[in-house]
Participant: 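Input: one structure, supplied below.
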Amino acid sequence: MIKITNLEKFYRTEEVETIALNKLSIEVKTGEFVAIMGPSGCGKSTLLNILGMLDDPDEGSYVFNGIEVAHFTERKRADLRKHNIGFVFQSFNLIDELTVFENVELPLIYTGVPSAERVKRVEEVLDKMQIMHRRNHYPQQLSGGQQQRVAIARAVVNKPKLILADEPTGNLDSSNGNDVMELLTDLNEQGTTIIMVTHSEHDARYSHRIIRLLDGQSVVENIMV
Amino acid sequence: MIRNYIKTAFTNMFRNKTYTLINIFGLSVGLACVMLIALYIKDEVSFDRFNENGPSIYRIVQDGQRPDGTEYKNGFTGGVEGITFKQQIPEIKDFCRINGGGSSLVKKGGDVISEPILYADKSIFQIFSLPLISGNPASVLSNPDNIVITEDIAEKYFGKETAIGKILQINQDGKFVPFTVTGVAKNVPQNSTVRFKFLMSIERSLPKQYTAMDWFSSFLNSFVYLNPKVNPKMVEKKMNAVFNRYTGKEMADFKKKFGAKLSSSFKLEPYYNVHLGEYGTGNGLTPSNKVDYSYILGGIAGFILFIACINFINLTLSRSLRRGKEIGIRKVNGSSRKQLIVQFMGESFILTLIASVIAVFILITCLPEFNELADKQLQASYLLNWQTAGIFTALLIINTFLSGFYPAIVLSGFSPVQTLYGKLKMTGNNYLSKSLVVVQFVVAVFLVIGTVVMLKQFNFLINTDLGYKPSDIVDVQLPRNFDLFKNNLSKYPFIKSVSGQNVPFTSVYATMFEVGDKKLTSTPYFEVDNQFLKQLNIPVIRGRAFGNMSGDTTEVLVNQSFIKAAGWNDDPIGKKIKQGKQEYTVIGVVHDFHSSSLNSKINPLVIEQLAKPTYGEALVKIDPAQKVKAINAIQREYKKLVPDYPIVYNFLTDSLADQYDSEKKWKQIITISAIMSIFISCLGLFGLATLSIEQRVKEIGVRKVLGASIANISSILMINFLKLVFIAIIIASPLAWYAMNKWLQNYPYRIDMNYLILIYACLGSLIIAGLTISFQSIKAALANPVKCLRSE
C-alpha cells in the first residue's frame, strides 16, 4: 500500500538546517499494523505527517496505492487524504465548539455524504465505540479515554484504508490506553492498515512490526510474533 | 455543512465575548456612519430627479465681469428675461419664474401663523412634476387673488373639509387680503429645489418700480422648458443675441461709465445641476449645497468604517493561533482550502450582518440629530426604499469582503502540521497587524489634531474683540412707529438706550461710492441714528459723531478701511464722496470694526444718518440684571404699536454667533468623528493587547519567577503598542499640520498653527492609547506566575 524510497525532509531556519528524514525507505503492505518507535527528534512525527499527506517531502518518492504523491499539490493531497486516511492524535484534536456527534460527522461532511446517510453512519460508529450516550456532549465534558474514542470514531467513520495514529495512548492512563489499543487491533483485524507512532514498548507489542528510527534513518525492524 | 459553519461561528462568538463585542460594536458604529452618509449623498444626488421633464428644464443664469474685472456668477434674473426669450426663441417651449416671499401671516380662526409663500407663473404645474390633487393646473394661478396650497396645509387650515373655493386671509404689505384656494397640490418631496406650501401668482412678487424692460435687475429664478432634443448651447447663443438687441446701447453706456471690463452673458444651467451647482440658490428655492460636503462626509464615514474593519482583521488574525487547531483538524478531516475560506467569510458575513442590524437601529436613533447637523429632513422610512436597501446590501457584502477576505486567506493557508503540533508562530503577520494599527491611529490622530485646530479657531472667531460691544443689545424688527417705540421704552429703568438702524445689524447693504474718479463698488453702508455709535461703543477717532436727529443728512462717517481704499493720505475730514447723484461730506472716522462675521475681511464702510426716523430695526440696550423684565417690556410695547405683526427679536450676540453656524456644525461633525475614530481604534488596541498578552502568558510567568517587577512587565507590554501609536503620530502630524494650515487659509482672521496644538493632540492620543492598554498589561503583570506556568 505504501512505498517510500530515499525520502528526505529538512527544516531550515535562517542559520541552521536540520535533517528530519535522511534517505528513508520503508514499505507497508495492506492490512499491516506497523509501530514506529525512536527517541524524541528522530523524525517519527515528520514521517507520519508525510505519510498522511499533511506535509510533503523535499526529496525522494512516496507511492500511495500505486500513485506517486510526493509532489502533489495541496488540493490533490487533501482530496486523496479525505477518502483514504484517518488520523488519531495524542492530544485527541477534537473541535471544542462542536459536539461529539458533530465532530465525528465532520469527515463525512467534507466528503459530501448526504445528511441522512451521515446520521446513520455516525450513530453506527458511536455505537461501536460505546459512546452513543455522549453524542450531544462537548469534548470538555468527556474523560480523556472517551475523547480518544471519539477521535477514533472520527478517524474511522469514513471507512479509511489507512489509519495513522500519533501516540494514541500518550495522554491516557493504562486502562484507557489498553482499551484504545484493543480498538485499533479490532480495526486492523477488520482489514484497516494501521501505522502508529509510539514511545511505549507495551503498545508497540500490539503491532505486527516495529520500525525503529534514529536521526531520520531506519535502524532496526522487529517483526512481532 | 452550512449548519456546521454557522454553529461554529456562533459558538466561537459566544466563547470570545470581548472579541465579538469589540468587532460588532466597532463595525456597527462604522456601518451606521456610512449608512447615514449614504442616505445623505443619495438625497443629494437624487435631488429633483423625480421631475419627468427634468432633462429639458434649465435655469437662466448669468456669467459676468464687474467693472474691476473680477468675475461673478449669478443664478438670478429679473422679470423680463423669461417672457422675452420665450417670445423670441422658438426652441423654448415654456418658461416659469419663481420667487420667494419670505414669510407672511395667515389667519386661522383667531390665530395668525407665519407661513412661507412662494410665487410662480402658472406654468409651474406644466413644467415641474408637481401634481395637483384638485384644481385645474392650467388655471389655478390665473388670477392674482388665487392661491394653491399643499394637502398638509389644506388639512391644517380646513381639516377634512374640501379646501377648494375657501378663503384664506393673508397679510400683504401690512393688510390682510382674502385669497381664494383654487388648487390643492400633493406635498412636495423634500428633495425638490422647487418647493412650496402656499403658492401665489408671480405678479404679486414683482416689485412696484419694476418696469417691463428692466434687464439689469436680478431678484428671481427663471426656468425654461426646452423642446425635446434642442441643444442648450444654441439657445444660449440666441438668448445673448436677444439680450444684445435690447440692451446694446445701455451696455455701451454702462461700460463708458463704470469701466470697459463690465460684461454679462446668459447661460442655461440644467435643472438637475441646480442643487449642487456653482450658481447657488435663493429667492424661494431650496438651499443648495456644496458637493465638497458630500465628499468630506463620505471620506470621514469611510475612514471610520475602515478603522472598524482593521479591528476585525487584526483581531481575527491574532486569534488565529487559537483557531489554528480547529483549522488543522478540519484540514486533516478533509476540508479543502476553499471550504475553509467559505467558512471564514461566512463568519465575517454573520458578524457584519449582526452589526448591520444594530447599525440600522443606531441610524434610526441618530437621524434627528444628524438631520439638524446636516440641514436635512431624512426619514427612517427611506430605508424601505429598494435603492437604499440595495446600497445597504452592497455595503454588507463589501464590508464582509473588506474585513473577512484577508484573514480567511491567511487562516485557511495554515499548515495542519504546524497548527496541530503547536509550531505555528505569527511572526510573519505581525508586521501587517502592526501596520494596520499604525494606519488606524494615523487617521485618529489626524482627526484629533483637526478637532483641536477647529475648536481653537472657532473660539477665536467667537471671542475676538469685534471693535464694539454687542452685549446686552436686543435687535427688534420694527415695521413702523420707531419714534413712539423709543419714547415708550425710555420710561423703563432697565432699558438703557434705544437706537435705530435701517436693516438688521448683521445684514449689510452695499452700493457704489465714488471718490473723485475712483469707484468703490459694493461698499457696505449703514443708515443709523445719532445714538448708534454711542450705544455700540464704537469710537470716533477723528472728526466728530453725528449731531442731533434733525442733523444734516449729507454728513457721513467712514471707517479706516474706507480711507485706505479711497487713497486719502491727508486729513479726510471734509472730503466729499458721491453715491449716485447724492454728494456727502465726511465728518468723522471710526475705528475698523467687524460688522459682519470674521469669515470676511473688514470692508470699507460708510455710515449715514437718515433724515426721517423710519428705521426698520430698533437696537435696545437693556440692563442684563433685569433681562426678563426688559424683554417683557419690549414685547408689551411692541404689541401696542404693531398689533398685526408678531415680534421678531434677537440678542445681537446671538445673531453674531449665528453667522458661525456652518463652523459650528463642522466643529461638531469633526469632533464626533474624531471621538469615534479614536474610540474604535482604542477598542481594537484593547482587543489586540488582550490577545497578545494571552499569548505571552508564559513569558510573563518566567520573567516574574526570575524577579521582574510589575512595573517592569507592564511597561514591556505597553511599550510595544505605544511605539505604534508614536509612529502614527509622526506620520499624522505633518499631514494634519499641512491640511489644517490649508483650511485656516480660508479665514482672513485666524489662529496661528502652533506647535503646542500638535503636542497637546499627540500627548492626548498617546495617553488615551496608554490607558487603554495599561488595564490589560497591569492585570497580566499582577497575575500569579505559578498559574500561568502551570497552564502551559
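First the proteins, then the strands, lettered A, B, ... as listed; each starts at 1. What you are looking at is a predicted structure, and each value in this text was computed from that prediction instead of being measured.
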Participant: Please flag which part of A/Glu105 lies under 4.5 Å from any non-hydrogen atom of chain B: side chain, backbone, both or neither.
Facilitator: side chain
Participant: For A/Asp96, is it the side chain, the backbone, both or neither that has a heavy atom under 4.5 Å from a heavy atom of chain B?
Facilitator: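 Both backbone and side chain.
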Participant: State whether the number of non-hydrogen atoms from other residues, nucleotides or ligands found under 6.0 Å of B/Phe306 atom CZ is greater than 12.
Facilitator: no
Participant: Is it the backbone or the side chain of A/Leu108 that comes under 4.5 Å from a heavy atom of chain B, or both, or neither?
Facilitator: neither
Participant: Do B/Val332 and A/Arg154 have side-chain heavy atoms sitting under 4.5 Å apart?
Facilitator: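 Side-chain contact under 4.5 Å: no.
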Participant: Does some side-chain heavy atom of A/Leu98 sit less than 4.5 Å from a side-chain heavy atom of B/Glu326?
Facilitator: no
Participant: Check the surroundings of atom NZ in A/Lys76: do more than 12 heavy atoms from other residues, nucleotides or ligands lie under 6.0 Å from it?
Facilitator: no
Participant: Take atom CZ of A/Phe72 as the centre, draw a 6.0 Å sphere, and report whether it contains more than 12 heavy atoms from other residues, nucleotides or ligands.
Facilitator: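 Above 12, so yes.
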Participant: To the nearest 0.5 Å, what is the distance between CG on B/Leu340 and OH on A/Tyr110?
Facilitator: 5.5 Å
Participant: Relative to chain B, which segment of A/Tyr138 carries a heavy atom at a distance below 4.5 Å: side chain, backbone, both, or neither?
Facilitator: side chain
Participant: Given heavy-atom pairs under 4.5 angstrom as the criterion, report whether the side chain, backbone, both or neither of A/Arg75 touches chain B.
Facilitator: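 Neither part; nothing is under 4.5 Å.
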Participant: Counting neighbours of CG on A/Asn6 that are heavy atoms of other residues, nucleotides or ligands and sit closer than 6.0 Å, is the number greater than 12?
Facilitator: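 Atom CG in A/Asn6 is crowded, with more than 12 foreign heavy atoms closer than 6.0 Å.
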Participant: Could you state the interatomic distance from CG (B/Asn333) to CG (A/Asn103), rounded to the nearest 0.5 Å?
Facilitator: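 Going from CG on B/Asn333 over to CG on A/Asn103, the span is 8.5 Å.
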Participant: Please classify the contact between B/Lys331 and chain A as side chain, backbone, both or neither, with a heavy-atom cut-off of under 4.5 Å.
Facilitator: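 Contact with chain A: backbone and side chain both.
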Participant: Tell me which of these, A/Ile85, A/Ile109, A/Thr111, has more heavy-atom pairs under 4.5 Å with chain B than the rest.
Facilitator: A/Ile109
Participant: Rounded to the nearest 0.5 Å, how far apart are CG of A/Asn93 and CZ of B/Arg330?
Facilitator: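 If we round to the nearest 0.5 Å, A/Asn93:CG and B/Arg330:CZ are 13.0 Å apart.
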Participant: Is the number of heavy atoms from other residues, nucleotides or ligands under 6.0 Å of B/Phe361 CZ greater than 12?
Facilitator: no
